[in-house]
Structures are given as C-alpha cells and as structure tokens.
Trainee: 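Sending over a structure as structure tokens; questions will come in a sec.
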Amino acid sequence: MQRNPYLILGVPFGTHRDDARRAFALAAKRLRANSDGPYAVEDLTWALQEIESLDKDPANIVDHFRVPADPVVFHVDGPGVFRPEPRCMGRRTTASDSSTLDRLRIEAATEILELIIREYSGGVDIDLAYDT
Amino acid sequence: MASSNGIGELFVHKKMLIKQNVVRVNRGGGTNRLLSRNGKLVEVSDGDLGSAIGGPPIDLPVRSAAGGLIAWISAIRSKLTDENFSVAVLASQACEISSMDLFQARRLGQDMISFGTYDLVGGLALPETERAWLALVGAARWGDAQSGLSALAGLPAASYRAKVKLIGRLWPWFRTMNVSALLRKHIAPFAQQDPLASALLVLLGSPVSVETSAALVATLANAIGADVGETSRLRASLRRLERGTSPRHGTNAGRADRLLSTLDPGCSSGTLVAPDVTDLPLTLCDDLIELGRFPPGLVGAVAIESTPYLTARTTPALVPDVTIDDLGFEEEKIRRALVRRDMATLQSMAHHPAAKHASALLDIVRQRTNAAGTDNVLAEDRPVVEDLLAVYRTAESGEPVELKLTDRLLADVSVWPVLHQTLSADQLPVTCGLRVRQPAFAEWLSLANARELLYRGRWSDAVSSARSCLELATDEAVRDEALNLLACGLFHRGEHEAAIAALEKALEDAYSESLLANIGVVAADLQPELAAKYLGKLASEAPTVELKLAAVRRIITMWSSNVTTSWEGSASGNDFPTVVREPVRSLLLAPIPLDDFRQLIELLSFRDTIWLTSTDFSTSPHAKTLEAKFFLARADNWGKMVEVMASIERSASAPAWFDREIEDFSNFIFNTTIEELQNDSTEKPGTAELALKISDTVKRLDPVLDAKLLLAGSTLLLDCFQASGTTASETMARRLQRSRTLVKTLSAEAQDALAGMMGLAHKKLAFNYALASIGEMDALIDRVNALADRIRRAPDVETYQAKIRAARLTAERAAHWRSTIAGLVPHVDDTDARRVLQERLENLRSIETEALGMI
C-alpha cells in the first residue's frame with residue numbers, strides 16, 4: 001500500500017504546503033503529548049516533504065486516496081452567531097435635494113414633450129398649404 | 001385619373017408606317033400637342049388623333065388642369081409604367097398650362113405635393129417664398145428633412161406661422177441634425193402664441209424652469225388635442241412633473257420619467273433598465289437603494305468608479321476583501337474576520353463594537369471558557385453563547401455533553417463546525433439520544449468525526465463513525481462521502497475487498513472523479529483490472545487533461561506490473577487488454593503534451609498496430625510531428641520506420657528520444673542478425689536486408705554500430721546466398737569495401753573487436769564468388785571454344801566481325817571476374833579459400849587470354 005502523506009499529516013487531500021507545515025507542527029505536538037498514534041515523527045517529516053515537493057496540482061494526482069472525496073458535504077450552510085449574514089453598507093451620500101429632482105423633472109418634461117410631438121404632430125394635410 | 005380636359009390621356013399616333021404611344025400634354029383650338037417617347041412634341045388636329053387608349057397609370061384625383069401630367073411624372077419616377085416619357089418635358093408642359101392662371105398654378109402645386117413631386121414647384125409661376133412654402137409642405141408631408149431644411153431657408157423667419165407645425169412634423173429627423181440655429185430662428189417669433197413653438201424651443205435647449213416645463217407640457221397636450229384624461233397614458237407622466245404628487249400608474253415616457261416614478265415611494269411602477277442608471281448621480285442611486293428599487297443587476301451599468309460602492313450597498317458578500325478595505329467597510333471586514341476566525345484583524349479593529357463582539361466570540365471558542373467574559377457579546381447572541389459555554393464546562397469535567405446540546409444551540413448551524421473543531425470525537429460522540437433528538441446534526445457530526453478519525457489514524461473508529469452516518473443519511477452526496485470514508489478506513493485495516501465494495505456502492509448513480517481515483521488506489525493490488533476499469537472511466541470523464549493522463553499512466557503502470565495475469569480482452573497476459581487499450585486510444589487524439597503523446601503512441605506502436613495504422617490523426621495537435629511519423633511507421637512496418645530514421649540528416653537537430661530509438665533499434669537488429677547467423681531461420685533474408693538498409697540509409701547512426709550492422713548484415717545475407725546458390729552482386733562487394741574504409745576510421749579497440757566479423761564476411765563472399773565462378777568459367781570456356789570454331793567458319797566479313805565482338809565481350813567478362821576476385825584475395829585469411837580463389841584467378845586469366853587471342 002502506497003503511503004498517503006495527507007492522511008499521515010491529518011489534513012484534507014490537496015492541502016497547500018503552507019497549511020501542511022502548520023499541520024505538521026500540530027501533529028508533532030500531538031505526537032509528543034501522546035505517542036500511541038500510528039505514525040512516528042519520521043513519518044510526519046516524510047509526509048511534509050512529499051507535499052512540499054509536489055510540483056503539480058494535487059487535483060491531477062491519482063496515487064493517493066482522497067479524504068475527503070467531496071469537501072462540499074462538510075459545509076453547513078446558514079447564518080448564525082458564528083457566521084452572521086452580510087449587511088449592506090450604509091449610505092455615504094446625502095439624500096437628493098430638490099434641485100436634483102427638479103433637474104430630473106425638467107428632463108422628464110423634455111422627454112414628454114418629445115413624446116407628444118412625435119405621437120401627436122400626425123400627418124400633414126395638403127390643404128394646409130393654403131390654410132393660412 | 002386624367003382631368004376632364006383630356007390632358008394626360010394616352011393615344012396611338014401613326015406616322016408613315018410606324019405606330020407609337022403618345023401622351024396629350026396640351027390641347028386647344030382643335031389642335032392637340034402630343035409627346036412621344038423620344039421627347040418630341042407634335043401637333044395633331046382633333047380629326048387625326050383618334051380615340052384615347054388610356055390615361056395616367058396613377059388613378060388619383062387631381063386638382064389642376066395639368067394634374068394628369070404630374071400623375072404621369074410620379075408613375076414614371078416610381079416605375080409604375082413602361083411608358084418612358086420625358087419627365088422634364090411633362091413638367092414644363094404642366095407649368096406652361098398653369099402659367100397664365102394663379103389659381104391653376106397653386107392647384108398644380110398641390111398636385112405636386114400630393115404626388116410627391118414637390119421638387120418641381122420651382123417651375124410654377126408663383127412668388128419665390130410661396131414656392132418655398134409649397135416645398136416645405138411637400139417635404140413635411142413626405143418626411144423629407146433635407147428638402148424641408150432647404151425650403152425653410154427660403155422662407156422669411158417671422159411669417160408663415162403654420163411652418164411651426166411642419167417643423168414639429170419633421171422634428172424626429174431634425175433632432176438628429178445639427179440645425180438648431182436655423183430652427184430656432186424660424187420658431188422663436190411664434191413662441192408667445194404657439195405652445196408647440198415653445199415646446200420645440202425647449203427641445204432645442206432653451207432654459208426652462210420646472211413649473212414652466214410642466215405647464216408647457218400640459219398646454220401643448222391640450223393645444224394639440226392629446227388625451228390627458230385621468231386614465232390616459234400621459235396623465236401619470238404629467239403628474240410626476242408636479243412636485244408632491246404620487247401617480248400610481250401610467251406609462252413612462254422615458255428615462256427621466258421612469259426614474260421619477262421609481263423614486264416616488266407612492267408609485268408602484270418604475271422598473272428601471274440598465275441605460276436609465278448610466279451616469280446617474282450617486283445620490284439618486286442611494287435614494288433608489290433606500291427605496292429598495294435599485295436591482296443589484298444594474299450595478300454594472302453605473303459608472304465603473306461607483307461599482308464597488310454600489311455593490312457594497314446592495315450585495316456586500318460579493319465585494320472582494322481588498323475593496324472592503326478601500327471602502328472602509330468595517331462591519332463587513334469584521335464579519336469576514338469572525339467567519340475566518342481571524343483574531344489578528346479583529347484586534348486591529350478593537351475600537352469597533354462589532355469587533356469587540358466578534359473577538360469575544362473567538363475568545364470563548366479558543367479558550368472554551370467564559371474567562372474573557374460575555375459582556376461584549378451582543379445581547380441577541382448571548383443565549384446561544386451561554387449554551388455553548390455550558391457544553392464546554394461539561395466536556396471539561398469529563399461528563400457526557402449530550403444533554404447540554406440544547407435544541408436552541410443546535411438550531412444555530414454556525415455552531416456545528418465550532419463544536420466539531422473545539423471538541424474531540426471522543427468528547428462529542430454521536431449517541432443514540434442525539435440521533436433521535438437531532439438527526440441532522442448527528443448525521444453531519446458522524447461524517448465529520450469519521451473524517452477526523454481517519455486523520456488521526458484511528459481506522460476502526462472512523463469505520464464505525466462512517467457507518468453511523470450511513471444509518472442516518474439519505475442524501476446521495478452525503479452517503480457517497482460516508483462510503484468513501486468507510487472505504488478508506490477498511491482499506492487501511494487491510495479489508496481491501498470490503499473497501500472496494502464500499503467504493504463501488506458510492507460509484508452507483510452520481511459520482512466524482514475523486515471516487516474514481518480512490519477505487520483506482522484501493523483496487524490496484526487486489527483487483528488491478530477493476531481499478532483499471534474505473535480509472536479508465538476517470539480518463540474519459542476527468543475535467544482536465546492532466547487528470548486524464550494521470551489516470552492513464554496509472555492504468556499502464558498497473559498493467560505493466562501485472563502482465564502475467566490474464567486480463568479481459570487479451571488472449572494471454574502479454575496482450576493488450578481492453579481496459580488499458582481504450583483509455584490510451586481515447587487520450588491519444590486529445591490535446592495532451594507532446595512527451596505524453598510520444599509515450600502513448602510508442603506503446604500503441606507495439607501493442608495496437610492495426611488500430612494505430614487505421615486511425616485518422618488529423619484531429620491530434622501532434623499529427624505532423626516526428627513522433628507521430630516515427631511510431632506510425634513502426635506500427636506499419638520496420639522498413640518504413642527505417643525510412644523515417646533516414647529522413648533526418650546527421651547534421652540536423654533531432655530530439656534525444658529519436659537518436660535513442662535509432663540506437664536501440666539498430667542494436668536490436670544487430671543482435672537478431674547475430675542470433676540468426678547461429679540458427680536456422682526463415683527470417684534471415686529479411687533481417688539481413690533490414691540491417692543493411694539501416695546501415696545504407698540512416699545517417700545518424702553511430703559509426704561503430706554502422707560497421708557492426710554492415711558486416712553482420714552482409715555476412716547473414718551471404719549465408720543466405722550460400723544456402724540458395726545465389727551469386728552475390730557487386731553491391732555486396734562495394735558494401736564490404738565500404739566496411740573496410742569505415743572500420744579504418746574507428747578506434748583501435750573497435751577495429752580489434754570488429755576484425756573477426758570482417759574476416760568472416762570476406763570469407764563468405766570469397767566462397768560465394770569461388771562457387772559462383774565455377775559455373776561462370778564453364779560457360780566462358782564453352783563460349784570461347786564455340787567462338788573459335790565459328791570464327792574459323794565465318795562465311796562473310798559481317799559474321800566474322802560479330803564473332804569478334806562476342807570474343808571481346810567474353811574477354812571483358814573474364815577480366816571483370818578476375819578483377820573482382822583479385823580485390824577480395826588480400827582480405828581472405830582462410831588458406832583454403834585463398835587457394836580456391838587463386839585457382840579461379842588463373843583459370844580466368846587463361847580464358848581472357850584465349851578470347852583476346854581470337855581478336
């Protein structure tokens with residue numbers, strides 16, 4: 001059976017080398033406190049070296065058993081005390097004054113004038129030529 | 001319809017023998033003026049004219065006496081008739097008819113407008129401004145803005161008030177043209193009397209107040225008879241122009257109108273679209289956000305510098321961390337720090353009440369006590385925190401924590417990972433009570449504990465926990481992961497078959513590439529073919545080429561390590577099994593790196609030659625590479641492969657693998673040649689030819705290997721000749737000559753090593769020639785004797801000369817043999833062979849002398 005550096009260090013498959021170093025320190029500390037585990041410090045050192053020397057994306061490796069196979073199922077969705085929902089940032093501008101709205105009203109009036117002229121100027125009666 | 005005076009009617013006019021259609025363009029005093037197609041006018045009396053055969057092709061009422069001619073012009077221009085009368089003559093005749101009567105001229109102008117030929121009004125006998133006016137009416141009627149502008153320029157600015165309406169008619173075109181000054185000049189004089197003129201001035205950019213603009217809209221709407229009733233579409237828009245009103249329905253006129261209605265809290269309408277908010281001031285965006293009427297999807301439509309701010313205002317979770325800092329959005333920064341357990345960030349923001357709250361939570365989690373106090377924890381969160389602390393206290397005392405896991409605590413799912421991270425699996429076991437009371441939490445905790453126990457190397461405990469999860473879980477993804485963890489534990493306990501079974505169950509229905517990879521690991525030793533089957537599936541379904549390649553490489557490795565086992569699809573262990581063949585084939589045409597392509601095609605060139613040589617490689621990115629050419633040739637036959645080897649010059653650069661292949665294959669052929677020299681084999685001629693082909697054509701061959709192949713191949717071929725009684729050709733003699741030259745360039749050590757082989761080759765050739773020359777000499781002697789007799793009895797000079805030529809040829813043949821054998825003798829060490837050759841030389845010399853004597 002091929003040795004699995006991720007299981008030996010006790011980290012999820014594909015863990016980045018920086019996180020693996022931290023895990024190594026924790027595992028070594030655990031080992032000092034309790035030597036009943038299945039691994040010796042040499043195993044931990046080997047595992048860390050394996051992960052550090054990996055020159056490709058672990059997602060493309062098929063040599064080691066992947067734990068977990070599906071990390072998503074361990075995520076628990078939903079807000080709570082330790083994961084509050086994001087709240088929208090407060091307003092940083094002052095409320096619009098009347099001049100801003102007046103400009104908008106004038107702009108709207110212009111739009112309506114345009115609309116009226118377009119829709120209601122209609123066709124031209126030929127008799128208009130001598131209506132004056 | 002022609003006018004009742006008959007102007008515009010069509011006739012048939014006969015002149016000499018030619019009949020042609022003509023149109024009557026004038027009449028009077030018993031005479032008719034007719035226009036023919038060639039543009040000529042002829043005068044014909046009423047008596048000679050005959051009956052009309054038709055009128056103008058456009059059958060519309062006309063107002064003027066010459067209106068029929070205008071109808072003809074319109075028809076000709078619109079190609080509604082094949083009668084191609086001159087438009088200029090028709091127009092001039094029409095104007096001539098109306099020239100004496102102002103009433104008729106004006107009526108003709110109206111006809112021109114009706115028929116869209118208002119460009120002809122210039123020919124009317126009317127004042128210039130009146131002609132310009134008629135042209136403007138025509139342009140407005142027909143939507144011709146460019147002609148309208150020209151006509152407008154010909155009118156006085158302060159008169160013709162009715163032109164304002166015509167400008168309004170042409171406004172949709174004018175608004176896109178740069179003609180504001182001209183329009184303003186003609187509109188401004190009427191602004192006091194005509195609301196349309198006032199409105200047009202506003203549209204032309206004249207400053208206006210809110211009140212004036214609103215009043216103007218209302219006035220204009222009334223003036224032109226627009227429907228502004230309570231339920232009309234204009235009514236709501238008009239109301240929005242008045243401050244403090246709240247219309248609850250109505251169609252929006254445009255962007256500003258839509259914004260006004262959206263900003264109105266009392267208005268239920270106002271769905272904004274992206275162009276509405278482009279360039280919208282940030283204050284108005286904020287107004288809309290506060291009203292809940294700024295869809296997050298519109299953020300991208302606002303000016304890019306406002307995007308981060310508006311994203312933070314609408315969808316803060318989407319704001320990148322760096323932007324959170326740029327915006328100074330502390331609440332979100334603190335929230336994220338809490339979620340990430342980032343105490344350093346929280347400490348750096350200790351002044352903020354939310355940071356104090358978050359720090360207090362993290363302190364509690366870290367210390368698993370309330371030593372730091374809960375004063376800073378927000379009141380709304382304290383009940384959950386108190387429950388959590390109770391769990392910690394119980395765990396610390398070594399008592400079971402199950403009863404402390406209150407429903408209130410576990411209802412907050414954000415607490416689950418906290419509990420799992422801060423308490424060990426032993427402190428937080430999944431008990432029967434917990435499974436009954438909180439099955440969702442128990443299921444999740446079993447799964448999380450199983451993973452954690454695997455990380456601790458506690459395989460049996462992990463197996464138990466995974467099984468506990470499987471008893472509760474119904475979701476396929478969760479069950480698959482539980483089976484995966486179970487398999488891992490079983491695998492490490494040495495229960496490989498059970499582990500394989502668990503993974504095969506997980507692979508039913510939906511599955512991931514990780515599960516496929518895992519069964520490849522677990523089954524590799526016990527059931528390599530099963531592992532290869534799933535890895536083959538991974539190779540075909542993996543999301544990346546790299547993963548596909550990794551799977552295929554592993555399959556090949558497993559098969560290479562288990563070739564003695566009989567795999568499905570192979571007759572014996574050494575054949576190419578289906579589970580290996582198919583993934584390799586499928587990947588060969590994919591865009592894989594060249595080195596991997598070479599390794600795969602090399603394998604197939606040995607194992608799957610029929611498929612390889614019959615497959616279309618055009619879709620492969622490596623179809624034209626040396627790798628493809630070389631290994632396809634090898635799959636086809638070795639002769640072709642040698643030709644590819646020979647295609648690269650010695651001086652040209654070539655990949656290292658190519659030279660290695662040449663060397664390996666040449667050594668293989670050399671060894672085979674030596675083996676076959678020592679044994680009886682039907683393959684001898686082929687092997688010898690291949691060895692000599694390599695030596696003759698491959699320029700990149702190492703000189704020592706070249707000499708070895710040359711000598712061994714020649715010897716084997718001569719061996720074959722000896723068996724079949726074939727005489728070696730001169731090429732063979734030249735090859736041995738080349739071998740002598742080649743060997744002289746080698747090191748002394750190499751020369752010594754090759755000396756024996758060189759001697760054997762020459763000896764074989766000597767014997768071949770010696771044997772061959774026996775028959776040859778008998779034939780030559782017979783020929784010499786026969787020639788001598790015939791020459792003596794030659795009946796005439798021609799026959800005599802022919803015999804002499806034959807004698808010369810015979811002498812030359814003997815001389816050639818003698819020369820060839822003489823060149824060989826110094827290189828033959830064997831005494832018997834040398835003696836036989838010397839005898840042959842003597843005999844040949846005699847024959848040559850005899851033949852020459854006849855000449």
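Chain letters run A, B, ... following the sequence lines, proteins first and then strands; every chain starts at 1. Excluded from the calculations below are hydrogen atoms, water molecules and symmetry mates; all remaining heavy atoms, backbone and side chain alike, are included.
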Trainee: Check step by step if side chain to side chain contact (heavy atoms under 4.5 Å, CB included) holds for B:W171 and A:L113.
Mentor: CA-CA 11 Å; B:W171 174 252; A:L113 286 173; over 6 Å; no
Trainee: Would you say the side-chain atoms of B:D412 pair up with the backbone N or O of A:V81, donor to acceptor, closer than 3.5 Å?
Mentor: yes
Trainee: Any sub-3.5 Å donor-acceptor pair from B:T283's side-chain atoms to A:T94's backbone N or O?
Mentor: no
Trainee: Please check if the side chain of A:R83 supplies one atom and the backbone of B:V339 the other of a donor-acceptor pair under 3.5 Å.
Mentor: no
Trainee: Let me know if B:I289 has heavy atoms under 4.5 Å from chain A in its side chain, its backbone, both or neither.
Mentor: neither
Trainee: Mind jotting down which residue pairs meet the salt bridge (Lys or Arg N to Asp or Glu O under 4.0 Å) criterion with at least one end in residues 38-51 of chain A? Sequence neighbours excluded, please.
Mentor: A:R3-A:D43
Trainee: Find the one option among B:A199, B:A551, B:C488, B:A506 whose heavy-atom pairs under 4.5 Å with chain A are most numerous.
Mentor: B:C488
Trainee: Is chain B contacted by the side chain of A:P79, its backbone, both, or neither, given a heavy-atom distance below 4.5 Å?
Mentor: backbone
Trainee: Pick whichever of B:V202, B:V385, B:D475, B:L284 has the most heavy-atom pairs under 4.5 Å with chain A.
Mentor: B:L284
Trainee: As an exercise: rank B:R456, B:H496, B:R458 by heavy-atom pairs under 4.5 Å with chain A and give me the winner.
Mentor: B:R456
Trainee: Do B:Y455 and A:L7 have side chains that approach each other closer than 4.5 Å (heavy atoms only, starting at C-beta)?
Mentor: yes
Trainee: Which is it for B:D287 and A:S96 under the side-chain hydrogen bond (donor to acceptor under 3.5 Å, both in side chains) test, yes or no, and what are the steps along the way?
Mentor: CA-CA 7 Å; B:D287 290 349; A:S96 301; 2.2 Å; yes
Trainee: Do you know which of B:W444, B:W416, B:W459 has the most heavy-atom pairs under 4.5 Å to chain A?
Mentor: B:W444
Trainee: Would a 4.5 Å heavy-atom cut-off, applied to side chains only, mark B:S514 and A:D70 as touching?
Mentor: no
Trainee: Could you tell me which of B:H492, B:E380, B:E330 has the largest number of non-hydrogen atom pairs under 4.5 Å with chain A?
Mentor: B:H492
Trainee: Given heavy-atom pairs under 4.5 angstrom as the criterion, report whether the side chain, backbone, both or neither of B:R313 touches chain A.
Mentor: both
Trainee: Do B:T544 and A:N60 get their side chains close enough for a donor-acceptor pair, meaning under 3.5 Å?
Mentor: yes
Trainee: Using non-hydrogen atoms and a 4.5 Å limit, figure out which bit of B:E290 sits close to chain A: side chain, backbone, both or neither.
Mentor: side chain
Trainee: Closest heavy-atom contact between A:P86 and B:P316?
Mentor: CB-CG, 3.9 Å
Trainee: With a 4.5 Å limit on heavy-atom distance, are the side chains of A:M89 and B:E332 in contact?
Mentor: no
Trainee: Where is the tightest heavy-atom contact between B:N484 and A:P68, given as atom of each residue plus distance?
Mentor: ND2-C, 4.2 Å
Trainee: Can you check whether B:L503 reaches A:F65 side chain to side chain, under 4.5 Å on heavy atoms?
Mentor: yes
Trainee: Check this for me: does any side-chain nitrogen of one of B:E546 and A:K56 sit under 4.0 Å from a carboxylate oxygen of the other?
Mentor: no
Trainee: Answer with side chain, backbone, both or neither: which region of B:V413 has an atom nearer than 4.5 Å to a non-hydrogen atom of chain A?
Mentor: both
Trainee: Closest approach of A:V62 and B:L538, non-hydrogen atoms and distance?
Mentor: CG1-CD2, 3.7 Å
Trainee: Identify which part of B:V319 has an atom lying under 4.5 Å from any heavy atom of chain A, answering side chain, backbone, both or neither.
Mentor: neither
Trainee: Closest approach of A:F82 and B:V418, non-hydrogen atoms and distance?
Mentor: CG-CG2, 3.7 Å
Trainee: Is the NZ or CZ atom of A:R92 both under 6.0 Å from the centre of the six-membered ring of B:Y309 and within 45° of that ring's axis?
Mentor: no
Trainee: Counting only non-hydrogen atoms closer than 4.5 Å, does A:N4 touch chain B with its backbone (N, CA, C, O), its side chain (CB onward), both, or neither?
Mentor: neither
Trainee: What option among B:D480, B:L454, B:N518, B:V521 has the most heavy-atom pairs under 4.5 Å with chain A?
Mentor: B:N518
Trainee: Please check if the side chain of A:Y39 supplies one atom and the backbone of B:G457 the other of a donor-acceptor pair under 3.5 Å.
Mentor: no
